[in-house]
Chemist: 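Here you go, one structure.
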Amino acid sequence: MELNTIKDAFDRVAKRQKLFSSKSQEVVDQVGHEIEQALAKIQASNDPLSPIDLKSILTELKLKLNTMDPLHQLEGLQKERNINLSKYPKLLEKSFNPDISKAYRNVDFDFHIVNQILASHFYRQGLFDLGDCLINEAGEPEAIAIRSHFLEMYQILEALKVKNLEPALNWITANREKLKQNGSTLELKLHRLQFLEIIQKGTKGDALSYARTYLSPFASLHMNEFQKLVVCIIWVGKLDSCPHAELMAPAHWEEFTVELTQHFCSLVGQSSPSPLSVAIAAGIEGLPTLLKLANVMAAKKQEWLAIKQLPVPVELGKEFQFHSIFVCPVSRDQCSEENPPMLMPCLHVLCKQSIMKLSKSSSRIFKCPYCPTEASAAQCRQLYF
Amino acid sequence: MEIDPLPNGSGSVGTTIPEAAATTTAATAALKTTPSSKLSQLTESLKLEHQLLRVPFEHYKKTIRANHRAVEKEVSSVISSVADVADCNEPSKEDAVLNLTSLVSRLQGLKRKLEEGSRTENLQAQRCRARLDHLESVDAENLSEWNNVRLKRILVDYMLRMSYYDTAMKLAESSNIQDLVDIDVFQEAKKVIDALRNQEVGPALAWCVDNKSRLKKSKSKFEFQLRLQEFIELVRAENHMRAILYARRHLAPWGATHLKELQRVMATLAFRSNTGCAKYKVLFEPKQWDFLVDQFKQEFCRLYGMTLEPLLNIYLQAGLSALKTPYCYEDDCTKEDPLSQDSFRKLALPLPYSKQHHSKLVCYITKELMDTENPPQVLPNGYVYSTKALKEMAEKNNGTITCPRTGLVCNYSELVKAYIS
């Protein structure tokens, strides 16, 4: 798409309009000037003006205005401008997709649900008064349960920004068991941050006693990490020459913030990026394909609204793959519980139905469609992705 | 809402860092791997932005037309007034001076109006340019920030169409995107919508007059519907004589094209507003006014070159269709999938499932895509995980692997690679 041509086209429109606009003002000035002159003439004569003279001044004015024909003067410019005004939207329609709602299904899209999703999205972003404002303005009867969770999360995050780890620690302690199940090492990371703060700002004694109380419980599981940290105590006061100086990088705070956000969201049953952002991003990636599809289907007079599955794949980026989908390379079917993927002895994978077909219902040995190896149906085993 | 909300100013910029950072890394990672496909994708997605450029242009055009009409009207009326004065048979000096002075001040008024008008034109032209610049400004470096702005634009569009003006304005102001959203355009709609909600048709009729030629071009019958409603209100008030007069004046001109509807509504004269006859009963229902509001919104959007549906609904539907698989509705659906949430599931219910031509395998442990670089490996029990996840597990546990779904313990050497084509 040539944005430059569009810009040029718009500049032409704006230029013509400016010209037209100043010409209009000029014309108005001219008319005003003529009338003022006539007025001056009438007022200039102190003697009672003879009606004939008055009449002649007025007629002269009338004739002058008629020959001037101010509106006619504008016509040429107006024409040119109007051509540009009607050209530009046509250019836009040509360069862009003029109607992106073609792939829209006119189904009942419950706006209460959409509003709730929006409010949750705002809360998820920490925009609490925006979310509240929406709930109020839309008159949504149900408050959003997730609000209080996110409020807590943002209180923790706000504290982190000023390097106050206490709210984070409280939360981690309260959810220690669940975090452990998720394999999280947030607690260690938190103590590490606190310990390194003490190393940078406090005394050796403070650091040592902190390490004894809070770091030692992690020593057995995370020996390497523990040793690295404790070693830093030696360099208190000359941290620049410490071999582990990179541990003090502010980026660790950011990493911790990101990780804490992820774990927090997952514990309250939410995804860490806002689901609305994800769905819209997928929509933006997918819509061009869907629009092409809708056009083709309209041309073939197929019913867009009736299809249960899209006839063509809409390719989305890696970040939108959430589920394993196995498509049998022979039958092109998506596998399901009834028709699961099967691993052949040669390590190629086909769906069960394809294997049944190739082996004539497991009655004979067959050749793998991808390599020369032969196999029987009994040798194939089901896979679970 | 007893709890003090966090300060929003800092909230909108500062506290969103974790997610912004996460999406940035994702975006840059994606860009590094497939720059050309990402860029062509970007071009494709820019083509969806017709409305962004079209709406401010229509607004600009509207101002231009209004200013032009003012000049035409005033100048020709001044000229004809001069002619009237000149053609007067016995002009008196006082009258002539009085008349001409009033014309001069009228022209001065017009000039002031024109200056004001051209200021508005310039502002609107600037807005058109700002949007072109915004489209041009996107590149690989600022992509994730640009996408964030796009999401906000989409949300503002939705809220304006739903008449949630305060929230829309707050979001636009806090993100500093006023130039990229159409709040002022919707202010015009707000007046009409508010009036219709109060069961007044005046502003809506005035709007129809303002846009007469364009409504005629699109064969709109919105004005007719407004008139019908006014007629119904007269019948409801049992003001039958006035109703008939009203019909003669305002409904009859539509008879040629919309006779059936006209006849149906006229028949209400024979009924009362409490009629039990279903066909006429609906005409007296208050939801007819809601219907007029919807109708107005449609006409309004069409006039400004907007999509008839909110952008949010369009993108959301497209996204959900592309994401929807039978697995999304299973209990163990990953939380990262928007379709794991009930609200999204409900919205996606009437939408088609997506289709895949090629296998897409996601590792149960790392949630990463398994491909040739990170191939799937099979445990003796048939469960499949990514090489990356299994290697990491083996390194931590002296070469033993524990299947997270079945608890099976085996050795890393027992695994086999599966070939997926």
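Below, chains carry the letters A, B, ... as their sequence lines are ordered, and counting in each starts from 1. Atom set for the values below is all heavy atoms of this structure, side chains included, hydrogens, waters and symmetry mates excluded.
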Chemist: Given heavy-atom pairs under 4.5 angstrom as the criterion, report whether the side chain, backbone, both or neither of A:Leu290 touches chain B.
Modeler: side chain
Chemist: Which atoms of A:Lys7 are under 4.5 Å from chain B, going by heavy atoms: the side chain, the backbone, both sets, or neither?
Modeler: both
Chemist: Heavy-atom distance under 4.5 Å to chain A: side chain of B:Asn381, backbone, both or neither?
Modeler: backbone
Chemist: Only one of A:Lys64, A:Met68, A:Lys62 passes side chain to side chain contact (heavy atoms under 4.5 Å, CB included) with A:Asn66; say which it is.
Modeler: A:Lys62
Chemist: Against chain A, work out which of B:Glu58, B:Met159, B:Lys367, B:Glu330 has the most heavy-atom pairs shorter than 4.5 Å and name it.
Modeler: B:Met159
Chemist: Quick one: of B:Val82, B:Asp166, B:Leu369, who has the most non-hydrogen atom pairs under 4.5 Å with chain A?
Modeler: B:Asp166
Chemist: Which residue out of B:Met370, B:Glu309, B:Lys61 racks up the most heavy-atom pairs below 4.5 Å with chain A?
Modeler: B:Glu309
Chemist: Quick one: do A:Lys318 and B:Glu368 make a salt bridge, cutoff under 4.0 Å?
Modeler: no
Chemist: So for B:Leu42, is it side chain, backbone, both, or neither that comes closer than 4.5 Å to the heavy atoms of chain A?
Modeler: neither
Chemist: A:Arg147 and A:Asp132: side chain to side chain contact (heavy atoms under 4.5 Å, CB included), yes or no, with the steps?
Modeler: CA-CA 9 Å; A:Arg147 184 183 191 279; A:Asp132 292 346; 2.7 Å; yes
Chemist: Taking the six-membered ring for Trp, is the centroid-to-centroid distance between A:Phe385 and B:Tyr364 below 6.0 Å?
Modeler: no
Chemist: Checking B:Leu103 against chain A: side chain, backbone, both or neither under 4.5 Å from a heavy atom?
Modeler: side chain
Chemist: Below 4.5 Å from any heavy atom of chain B, which atoms of A:Gln382 appear? Answer side chain, backbone, both or neither.
Modeler: backbone
Chemist: Chain A heavy atoms under 4.5 Å from B:Leu151: which part of the residue, side chain, backbone, both or neither?
Modeler: side chain
Chemist: Taking side chain as everything from C-beta outward and backbone as N, CA, C, O, which of these in B:Leu351 sits under 4.5 Å from a heavy atom of chain A? Side chain, backbone, both or neither.
Modeler: both
Chemist: Using heavy-atom distances under 4.5 Å, tell me whether B:Ser343 contacts chain A through its side chain, its backbone, both, or neither.
Modeler: both
Chemist: Does any heavy atom of chain A fall under 4.5 Å from the side chain of B:Glu115, the backbone, both, or neither of them?
Modeler: both
Chemist: Please rank B:Gln108, B:Arg65, B:Arg106, B:Arg129 by heavy-atom pairs under 4.5 Å with chain A and give me the top one.
Modeler: B:Arg129
Chemist: When you measure from the centre of the six-membered ring of B:Tyr383, is the NZ or CZ of B:Arg405 under 6.0 Å away and within 45° of the axis?
Modeler: no
Chemist: Under 4.5 Å from any heavy atom of chain A, what part of B:Lys324 do you find: side chain, backbone, both or neither?
Modeler: neither
Chemist: If you count heavy-atom pairs under 4.5 Å between each of B:Leu316, B:Leu110, B:Val85 and chain A, which one has the most?
Modeler: B:Leu316
Chemist: Checking A:Arg381 now: which residues fulfil side-chain hydrogen bond (donor to acceptor under 3.5 Å, both in side chains) with it, not counting sequence neighbours?
Modeler: none
Chemist: Pick whichever of A:Leu63, A:Thr59, A:Asp110, A:Val114 has the most heavy-atom pairs under 4.5 Å with chain B.
Modeler: A:Val114
Chemist: Most heavy-atom pairs under 4.5 angstrom with chain A, which of B:Leu107, B:Ile420, B:Leu361?
Modeler: B:Leu361
Chemist: For the residue pair B:Lys47 and A:Phe96, would you count it as a cation-pi contact if the rule is NZ or CZ under 6.0 angstrom from the ring centre and within 45 degrees of the ring axis?
Modeler: no
Chemist: So which part of B:Gln356 gets closer than 4.5 Å to some heavy atom of chain A, the side chain, the backbone, both or neither?
Modeler: both
Chemist: Among A:Ala279, A:Pro311, A:Ser56, A:Gly32, which residue has the highest count of heavy-atom pairs closer than 4.5 Å to chain B?
Modeler: A:Ala279
